[in-house]
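Remarks on the structure that follows.
Atoms within each ligand, like the ligands themselves, are counted from 1 in listed order.
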Amino acid sequence: MNKKITVLKGDGIGPEIVDEALKVLDKIGEKFGHTFDKDFVDIGGASIDKFGVPITDEGLERCKNCDSVLLGAVGGPKWDVIDPAKRPEKALLKVRSELGLFANLRPTKMFAQLKGASPLKETGIKDGLDLMMVRELTGGIYFGEHKTFEQNGEEAASDLMFYSEHEIERIGRVAFETARKRGKKVHSVDKANVLDSSKLWRKVMHRLAEEYSDVEYSDILVDNTAMQLIRNPGQFDVIVTENMFGDILSDEASMLTGSIGMMPSASLSSSTLGMYEPIHGSAPDIAGMNIANPLGTILSVAMMLRYSFDMIEEADAVEKAVDEVLTDGYRTGDIAGKDENVKKVTCSEMGDLVCSKLG
Ligand code: IPM
Ligand code: MG
């Protein structure tokens with residue numbers, strides 16, 4: 001097969017981790033007889049420096065006209081001071097919204113080999129951890145009206161958390177369908193004791209729960225979810241939630257697994273076009289040092305193969321290769337922990353190791 005991928009390396013460690021993921025992708029191409037054509041587009045600070053905007057209209061078009069998008073990370077202190085409307089993060093939100101990427105899957109899986117790297121050690125994760133966060137990505141407070149204004153002689157600001165029924169229903173369906181292929185359990189996270197948008201969220205989810213009666217369903221409040229994730233994360237299979245709650249909870253959940261550097265994500269639309277990226281940020285403090293963990297990006301490529309290209313065997317091969325490299329004891333700094341037996345490797349060495357497992 002021939003697939004065209006728009007590659008957005010972005011800022012900070014973005015370019016380094018994406019390079020490793022592309023190495024792995026090419027290896028898969030070689031092994032399984034596919035060609036992956038890459039179109040490189042500037043995004044974030046890199047684009048601001050060149051063009052004065054975090055992504056150009058032309059760049060955005062190129063994201064729409066491909067089979068899939070791969071992203072590193074955007075942002076950094078250099079661009080924290082500029083006009084908020086032009087910040088690097090705006091480009092990411094624009095791509096999500098323009099491509100209709102409403103469903104964000106964030107698998108939170110603990111590799112048994114990394115148990116020692118989790119700050120929680122064995123509490124509550126004795127039986128391993130494998131949950132899927134389904135985050136609504138193109139609605140809610142991120143995309144409601146933002147405004148800063150004068151009120152009673154002082155500055156005021158507001159951000160609107162808006163949801164309509166169809167937006168809730170389509171992300172709910174993604175969650176229930178995902179649960180059917182996994183542990184058949186959905187927790188829907190909201191703040192229905194306070195927010196109207198959450199009351200509507202709950203109403204729509206209940207309707208779906210009746211339709212998907214083979215899936216076990218529960219409502220859970222967001223604050224309680226934050227606590228339960230620490231207390232007993234094993235109780236969760238699929239968690240579905242609105243945009244901002246999902247942003248916060250997925251960072252929390254990632255730490256249960258040992259490192260945010262391991263976590264991939266897929267942002268899906270109603271077509272096969274998706275965007276794939278690690279959930280971590282651009283880590284400007286370690287940029288250019290070749291020490292970042294590329295596995296979150298490499299596992300994002302596995303998700304791309306699985307969800308956009310329906311290349312299941314290829315996706316399994318990448319995940320297996322990552323597993324084997326960890327079993328061999330290779331670790332980047334973030335997952336090295338205190339174990340003296342692990343073999344510490346650089347970002348590019350980690351990419352090479354995964355490739356070598358692919359034969
Ligand atoms: C994420 C990030 C983004 C978000 C930022 C960079 C805008 O934190 O993908 O989780 O908040 O969605
Ligand atoms: Mg986030």
Side-chain angles (χ1 to χ4, degrees), residues 8-15 17-18 21 42-48 53-55 60 63 69-80 82-108 131-144 146 159-163 167 171 189 222 225-226 229 239-257 259-269 274-285 287 292-293 296-297 299-300 303-304:
L8 309 167
K9 292 189 180 185
D11 308 315
I13 58 171
I17 54 177
V18 167
D42 290 300
I43 191 169
S47 172
I48 295 173
V53 287
I55 188 162
L60 200 57
C63 291
V69 181
L70 178 66
L71 171 75
V74 292
K78 181 173 170 198
W79 307 281
D80 277 349
I82 63 175
D83 172 6
K86 293 204 185 113
R87 282 181 61 111
E89 291 83 354
K90 282 280 174 202
L92 183 55
L93 301 186
K94 202 162 172 182
V95 174
R96 288 175 180 171
S97 148
E98 292 276 320
L99 271 61
L101 305 172
F102 70 90
N104 185 221
L105 308 189
R106 299 190 161 189
T108 305
L131 68 89
M132 178 68 88
M133 193 79 76
V134 178
R135 169 186 176 193
E136 200 292 322
L137 202 61
T138 53
I141 200 165
Y142 274 52
F143 289 92
H146 306 292
D159 302 280
L160 180 72
M161 190 184 284
F162 173 92
Y163 272 108
E167 290 175 294
I171 192 71
V189 176
V222 61
T225 310
L229 273 172
I239 293 179
V240 60
T241 189
E242 69 87 41
N243 205 342
M244 186 169 64
F245 297 161
D247 179 45
I248 299 168
L249 292 175
S250 61
D251 269 34
E252 183 190 356
S254 75
M255 278 318 290
L256 300 172
T257 68
S259 169
I260 195 169
M262 296 297 299
M263 302 289 102
S265 81
S267 303
L268 309 175
S269 66
M275 176 162 74
Y276 299 83
E277 55 174 313
I279 80 159
H280 61 72
S282 59
D285 51 321
N293 184 351
T297 320
L299 291 168
S300 299
M303 292 188 87
M304 173 189 289

Quick check: of its N, O or S atoms, which one does D247 have closest to the Mg ion (ligand 2)?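 The closest N, O or S atom of D247 to the Mg ion (ligand 2) is OD1.
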Measure the CE-CG distance between M275 and L8 for me, rounded to the nearest 0.5 Å.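 Going from the CE atom of M275 to the CG atom of L8 covers 7.0 Å.
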So does [Y] get a backbone contact from the side chain of [X], meaning a donor-acceptor N/O pair under 3.5 Å?
X: N243; Y: G140; answer: no
X: S47; Y: V53; answer: yes
X: N104; Y: L268; answer: no

Test of understanding: given a 4.0 Å heavy-atom threshold, classify the contact between R135 and ligand 1 as side chain, backbone, both, or neither.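 The part of R135 near ligand 1 is the side chain, not the backbone.
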Within reach of ligand 1, part of R87 (heavy-atom separation under 4.0 Å):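 It is neither part, as no heavy atom is under 4.0 Å.
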side-chain contact (heavy atoms from CB on, under 4.5 Å) between I141 and L160, worked out: CA-CA 5 Å; I141 200 165; L160 180 72; over 6 Å; no
What do you reckon, does [X] put a non-hydrogen atom under 4.0 Å from ligand 1?
X: M263; value: no
X: H280; value: no
X: R96; value: yes

Minimum-distance protein heavy atom relative to [atom]:
atom: atom 1 (C) of ligand 1; answer: R106 NH2, 3.3 Å
atom: atom 10 (O) of ligand 1; answer: D247 OD1, 2.8 Å
atom: atom 4 (C) of ligand 1; answer: Y142 OH, 3.5 Å

Test item: Y142 and L137 side chains (from C-beta on) under 4.5 Å apart, heavy atoms: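 Contact flag for Y142/L137 side chains = no.
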With E98 as reference, evaluate T138, I55, L60 under the side-chain contact (heavy atoms from CB on, under 4.5 Å) test and give the passing residue.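 By the side-chain contact (heavy atoms from CB on, under 4.5 Å) criterion, E98 pairs with just one of T138, I55, L60: L60.
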Near E89, which atoms of ligand 1 are under 4.0 Å from a heavy atom of that residue?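 Under 4.0 Å from E89, ligand 1 has these atoms: 6 (C), 7 (C).
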